[in-house]
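See structure below.
What's counted below: heavy atoms across the whole structure, side chains too, no hydrogens, waters or symmetry copies.
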Amino acid sequence: MRKLNYVNRVIVTIVLLLSFSTSSAQTDTILVRKNQLIVIADSLVIPKKDTTIILPAGSDYKVLDNKYVLSEGFYDSIYSAAKKTRVTKELYNLLITNRPTQQDPFKNKEPVKSESFFEDFEGRVISSIDYISVDLFGGSVNDTTLKAESSIGKLTNELHKNTKKNVVFKHLLFDRGDEVNAFEFADTERIIRSLPYIEDARIVLKIDPENLEGVKVYVIVKDRFPWSIDLSIDNNDAYRVGFTNQNILGSGNEFGIGYLHTREEMPMHGYDAHYTVRNIDDSFIDGTIFLSDNYLGKSKGITFKRDFLSPNIKYYGEATFEHVEPISDLIFADSLYEKDFNIDRKSYDVWGGRSFQIDERKTFNAALRLQHDNFDERPMVRPDSNELYHNHHFLIGALSYSKINFLKTKNILSFNITEDVPIGFIYSFIMGKDWTEFGERDYKGVQISYSTYKEKWGYFFLNLESGYFSSSNKRKNQVLQIDGRHFTPLFDFGGAYSRIFTRFHYFDGDNLSIPISQSLSGQNRIRNIEGMQIEGNKLMTLTSEYVVFQPWYFYGFRFATYGHLGVGNVRESRIQDPYNKTYFTAGGGVRIRNESLVFDTFEFRVSLFPNAPTEGQIFYFKVTLSAPQFFQNPNVRKPRIVGLD
């Protein structure tokens, strides 16, 4: 709780002096109790005890319950009880960090252009760049004075290795002596915030008092807790437990290892592991080595990747080299069906792109990709069967015209987390040639992507892709895919705020090779659906989620409740027993956020499937410790086969 500070004392004093100069008929007398606060015009006064305040008659004020005092008292009472034993005291210190409540998360309801925060400084020369790393527990990029108060929080902050200054500065798109470009600063802030080991980032500009034409730049960063534990269990009596450190000793590098066990397959015991070096030599190139050996198969490889993060990035691409030996079973029974066949594939996938910047946001992009697959072991193949396992060299290129900008906002799916909302368009034309062991074939495709935000109607996103292979004037693997997403503005009804989220996905595959298909399951399709007959060559999903950001403040907890509805249709026409299935789902849940807890976002989700798929569940309950994501990076991607790559 913020105490009555000097400024507020001055405000109260001035108000009282003014009131004494008026007659009693021209004043209002207000009693503000200890656990209340009073809002006078645009000022907030929090008295330490019962206080009588006299204001000029007709003054604009509100007297409210001080929920934060109650919350502090709650934590004090917990501590008084917890400190009685060593065990409960340590549990308290582990979970409670006494983080001060952040500013009203609904203060800025509408998204704003990311570059608008820097436009007033456009053209000024950068005189210095300083780095500020706030505490892992208790810190905030919006108030760098905040500190952890619990003993465990303080100890953890001491033991935690903050991300090193040079690691963060490697992601800056500007340097000392450059002129301020609002778009470059907005992109830099977004790039840093998107790093998996960074929770939040903010760049603040101040006029240099020693050079009024210059600016001082402050890069403020808050880390995420680098360690994570992954646990997954499936219906085949198999499980995986893994550990990952996304920021080894503050270097930004990542290491992960997992143990896999099953009683149904061999080997019963296995592992997977990876190591990632990020932003090698300030190049924005990430390198990853990966290997695995478990009941799902064996793999090893290396990949280097440089994303198209900003129009300032002229060259980008990716190179992957891998050797894979998966254990597979063809789902569909065609004339060449084989069960538990072995696959031994060596492959490389290399692509690169060049961006030509037209203006601050518009770019023209050209990219070329070469993919090669060579199988030492595979199922039986023929010119018209099991095309996934053909040896081939595939050369594919794309020309794109794009304009992508970002809006900054909060409360998309969670409380008080800065989110970057992409708006703009991408138009791409794709052409390629595939040299296979059974002959040559051509490929053509198009992509049209458009997104916008309207103050009255909300956010709209539409992505349309279509492509096909052709040989001897015959088309094969012809795909039409449409994705749509929408969310409304924040609705205000009596203190609570809400949004409606809608997602649409459509896939139509004509003359698809077995076993190519798509599934109803997925983050942006039908969440949690399981079972047989949920994959096919044609499908459609439509889901809607109504989220209410509740005004409740219960001892530091904030709540977002939601209900969801969904329908999905899947068709498979390529097998002897074709099917056409429609499934429905309904349910709800709650997302809880508390800045005073180490794990500050919880989601409890219930889903019902009245006509659940075979071997699926009618009732599904899930608990997660992270907020779901609504957006993916809309950057220009590698040339690809629509819906199949």
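- The pair K113-E119 does not count as a salt bridge, with every side-chain nitrogen at least 4.0 angstrom from each carboxylate oxygen.
- Shortest non-hydrogen contact noted between Q246 and P196 is OE1-O, 3.1 Å.
- Of all heavy-atom pairs spanning R224 and E199, the tightest one is CG-N, 3.4 Å.
- With hydrogens and angles disregarded, a donor-acceptor distance shorter than 3.5 Å links the side chain of S519 to the backbone of S521.
- Within the 4.5 Å cutoff, side-chain heavy atoms of S544 are placed close to those of I500.
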Before giving the answer on salt bridge (Lys or Arg N to Asp or Glu O under 4.0 Å), spell out for E318 and R640 the whole-Å C-alpha distance, their side-chain angles and the decisive distance to 0.1 Å.
CA-CA 13 Å; E318 183 175 354; R640 63 194 186 99; over 6 Å; no
May I have the step-by-step check of side-chain contact (heavy atoms from CB on, under 4.5 Å) for E189 and F118, ending in yes or no?
CA-CA 11 Å; E189 190 178 75; F118 310 103; 4.0 Å; yes
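- Remark: of the listed residues K538, Q481, E535, Q481 is the sole one forming a side-chain hydrogen bond (donor to acceptor under 3.5 Å, both in side chains) with Q518.
- Residues Y218 and R202 fail the side-chain proximity criterion, which asks for heavy atoms closer than 4.5 Å.
- Between T452 and W457 there is no side-chain heavy-atom pair separated by less than 4.5 Å.
- Proximity of a side-chain donor or acceptor of T585 to a complementary backbone N or O of L608 within less than 3.5 Å is detected.
- Looking at Y459 and L407, their side chains never come closer than 4.5 Å, going by heavy atoms from C-beta outward.
- A donor and an acceptor atom, one from each side chain of N247 and T163, are located under 3.5 Å apart.
- Interatomic distance, K165 NZ to I132 CD1, rounded to the nearest 0.5 Å: 11.0 Å.
- Here the side chain of T541 pairs no donor or acceptor atom with the backbone of L520 at under 3.5 angstrom.
- For the atom pair L462 CG and S449 OG, the distance stands at 7.5 Å (nearest 0.5 Å).
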Under the criterion side-chain contact (heavy atoms from CB on, under 4.5 Å), I'd like the reasoning laid out for L542 against T502: C-alpha separation, chi angles, the key distance, then a yes or no.
CA-CA 7 Å; L542 178 64; T502 303; 4.0 Å; yes
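- Side-chain contact between I448 and F425 is absent, with no heavy atoms from C-beta onward closer than 4.5 Å.
- Side-chain atoms of D272 never come within 3.5 Å of backbone atoms of Y259 as a donor-acceptor pair (strictly under, hydrogens ignored).
- Atom OG of S607 is separated from atom NE2 of H564 by 3.5 Å, given to the nearest 0.5 angstrom.
- No side-chain donor-acceptor contact under 3.5 Å links T614 to the backbone of M532.
- The neighbour count for K170 NZ, taken as heavy atoms of other residues, nucleotides or ligands under 6.0 Å away, is above 12.
- At a threshold of 4.0 Å, the pair E115-R361 does not count as salt-bridged, since none of the basic side-chain nitrogens sits closer than that to a carboxylate oxygen.
- Among all heavy-atom pairs drawn from Y583 and A612, the shortest one is CE2-C, 4.2 Å.
- Judged purely by distance below 3.5 Å, without hydrogens or angles, the side chains of R240 and N294 never pair a donor atom with an acceptor atom.
- The distance from the CG atom of D223 to the CG atom of L195 is 10.0 Å, given to the nearest 0.5 Å.
- H171 places no side-chain N or O within 3.5 Å of a backbone atom of N279 that could act as its donor or acceptor partner.
- Using modelled atom types and a 3.5 Å distance limit, the side chains of T561 and Q550 yield a donor-acceptor pair.
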Determine, stepwise, if the pair Y546 / V548 fulfils side-chain contact (heavy atoms from CB on, under 4.5 Å).
CA-CA 7 Å; Y546 179 66; V548 180; 3.4 Å; yes
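- Judged by distance alone, the side chain of R485 and the main-chain N or O of F461 form no donor-acceptor pair under 3.5 Å.
- In this structure the side chain of L205 never reaches within 4.5 angstrom of the side chain of F117, judged on heavy atoms.
- The salt bridge (Lys or Arg N to Asp or Glu O under 4.0 Å) test with D420 singles out one residue from R190, R193, K408, and that residue is R193.
- Rounded to the nearest 0.5 angstrom, F609 CZ and I618 CD1 are separated by 11.0 Å.
- A pairwise comparison of heavy atoms in A560 and F549 identifies CB-CD2, 4.0 Å as the closest pair.
- Looking only at side-chain heavy atoms (C-beta outward), I404 and I426 come within less than 4.5 Å of each other.
- The distance from atom CG of L309 to atom CZ of F284, rounded to the nearest 0.5 Å, is 6.5 Å.
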Between F255 and F243, is a side-chain contact (heavy atoms from CB on, under 4.5 Å) present by the stated rule, with each step listed?
CA-CA 8 Å; F255 172 74; F243 301 88; over 6 Å; no
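- Of all non-hydrogen atoms in T488 and R499, the two that sit nearest each other are O-NH1, 2.9 Å.
- Minimum interatomic distance between F308 and I313 (heavy atoms only, all atoms of both residues): CE1-O, 3.4 Å.
- Side-chain atoms of R605 do not come within 3.5 Å of backbone N or O of Y620 as any donor-acceptor pair.
- The backbone N or O of L539 sits nowhere less than 3.5 Å from a side-chain atom of N569 that would complete a donor-acceptor pair.
- The six-membered or imidazole ring of F487 lies near that of F501, with a centre-to-centre distance under 6.0 Å.
- At least one donor-acceptor pair under 3.5 Å links the side chain of N611 to the backbone N or O of F584.
- Counting heavy atoms from C-beta outward, V547 and R591 have side chains that approach closer than 4.5 Å.
- Within 6.0 Å of CG in L249 there are 12 or fewer heavy atoms belonging to other residues, nucleotides or ligands.
- The residue from D200, V141, I203 that alone fulfils the side-chain contact (heavy atoms from CB on, under 4.5 Å) condition with I220 is V141.
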